[in-house]
Amino acid sequence: MIIILFGPPGAGKGTQSDNLVKKFGLIQLSTGDMLRGAIEKGTKLGLEAKAVMDSGELVSDHIIIAMIEEKLKEKSESNGFIFDGFPRNIEQAKALDILLENLNKKLDSVIEISVNDEILIDRIKNRAKEMRDARSDDNADILAKRLKVYHINTEKIIPHYKKMGKLVTVDGMKSIDEVSQEIENNLNLNI
Ligand code: ADP
């Protein structure tokens, strides 16, 4: 099973993908986590990525696509994958189509977690308070920038997947359990 989970910053992608990992034994490929891992290790890529991430912009496609390709090949025997935070623009979506085709893998569902901007701003402010500097890109100003980047770039992947008949939109303003349920109901059709 191969699933893409996407939505604006603060939509709850992390929580929902953890749930899917537990339930279906999928491998989670989170480009945000991979980049934070590189920053922690202090690699050259990490240093480059940090400045871009802190500004709320997107890290270059070639870096992201190479990271994903490496992980997909490394874990090619897995039960399935859940992409979290990738693809974030149409170029990445097209690159993923090609990668999957070359590996003879089929995308099952693309799940959009939809949440209003006002609610997201409230959530992220709370998260910033709770996490205290744990994520330097989690403050209200940068969130506003990341939301803008989401609307400008990431939402463009919606028609791409709609055309493929893979897009499912769930209401991310319901409770965590209700959102999980809604996602699972939609996935069952494809298992
Ligand atoms: P969230 O889950 O809160 O939306 P992420 O952890 O996925 O955020 O991403 C944090 C930052 O990492 C992004 O704002 C961006 O700078 C960078 N990033 C993560 N994934 C990608 C990607 N697929 N393409 C480009 N940049 C990315």
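Just so you know, ligand 1 is whichever comes first in the structure, and atom 1 is the first atom listed for that ligand. This structure is a prediction, so every number in the text was calculated from the model and none was measured.
- In this structure, Met34 has no heavy atom closer than 4.0 Å to ligand 1.
- No chain of hydrophobic side-chain contacts below 4.5 Å, direct or via other Ile, Leu, Val, Met, Phe, Trp or Tyr residues, connects Leu5 to Leu58.
- Note on Ile119 and Ile113: same hydrophobic cluster, where clusters join Ile, Leu, Val, Met, Phe, Trp and Tyr whose side-chain heavy atoms are under 4.5 Å apart, directly or indirectly.
- Taking a cut-off of under 4.0 Å to the non-hydrogen atoms of Pro9, the atoms of ligand 1 that pass are 4 (O).
- Residue contacts with ligand 1 for Leu35 involve side-chain atoms from C-beta outward but no N, CA, C or O (heavy atoms, distance under 4.0 Å).
- Looking at Ile64 against ligand 1, only its side chain comes within 4.0 Å, counting heavy atoms.
- The ligand atoms of ligand 1 that sit less than 4.0 angstrom from a heavy atom of Gly85 are 20 (N), 21 (C), 22 (C), 23 (N).
- Across every non-hydrogen atom of Thr31 and Gly85, the tightest pair is OG1-O, 3.0 Å.
- Below 4.0 Å from some heavy atom of Arg36 lie the following atoms of ligand 1, by number and element: 6 (O), 10 (C).
- Taking distance alone, with nitrogen or oxygen atoms compared against 3.5 Å, Asp33 stays at or beyond that limit from ligand 1.
- Considering backbone and side-chain atoms alike, Val59 places an N or O below 3.5 Å from some N or O of ligand 1.
- Under the side-chain contact (heavy atoms from CB on, under 4.5 Å) rule, Arg146 has a single partner from Pro9, Pro8, Ser55, which is Pro9.
- Evaluated by nearest non-hydrogen atom to atom 5 (P) of ligand 1, the leading choice among Arg88, Lys145, Glu57 is Arg88.
- The cluster map of Ile, Leu, Val, Met, Phe, Trp and Tyr, joined by side-chain heavy atoms under 4.5 Å apart, puts Val21 and Met1 in the same cluster.
- Each of the atoms 11 (C), 12 (O), 16 (O), 17 (C) of ligand 1 lies under 4.0 Å from some heavy atom of Met53.
- Shortest non-hydrogen contact noted between Thr169 and Glu182 is O-OE2, 4.0 Å.
- Under 4.0 Å is where a charged nitrogen must lie from a carboxylate oxygen, and between Glu40 and Arg36 no such pair does.
- Some N or O of Gln92 is nearer than 3.5 Å to an N or O of ligand 1, by distance alone.
- Between Pro8 and ligand 1, no pair of N/O atoms sits closer than 3.5 Å.
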Q: Decide salt bridge (charged side-chain N to carboxylate O under 4.0 Å, His left out) for Asp54 and Lys50; before the verdict, give the C-alpha distance in whole Å, the side-chain angles of both, and the deciding distance to 0.1 Å.
A: CA-CA 6 Å; Asp54 285 348; Lys50 184 166 185 348; 2.6 Å; yes
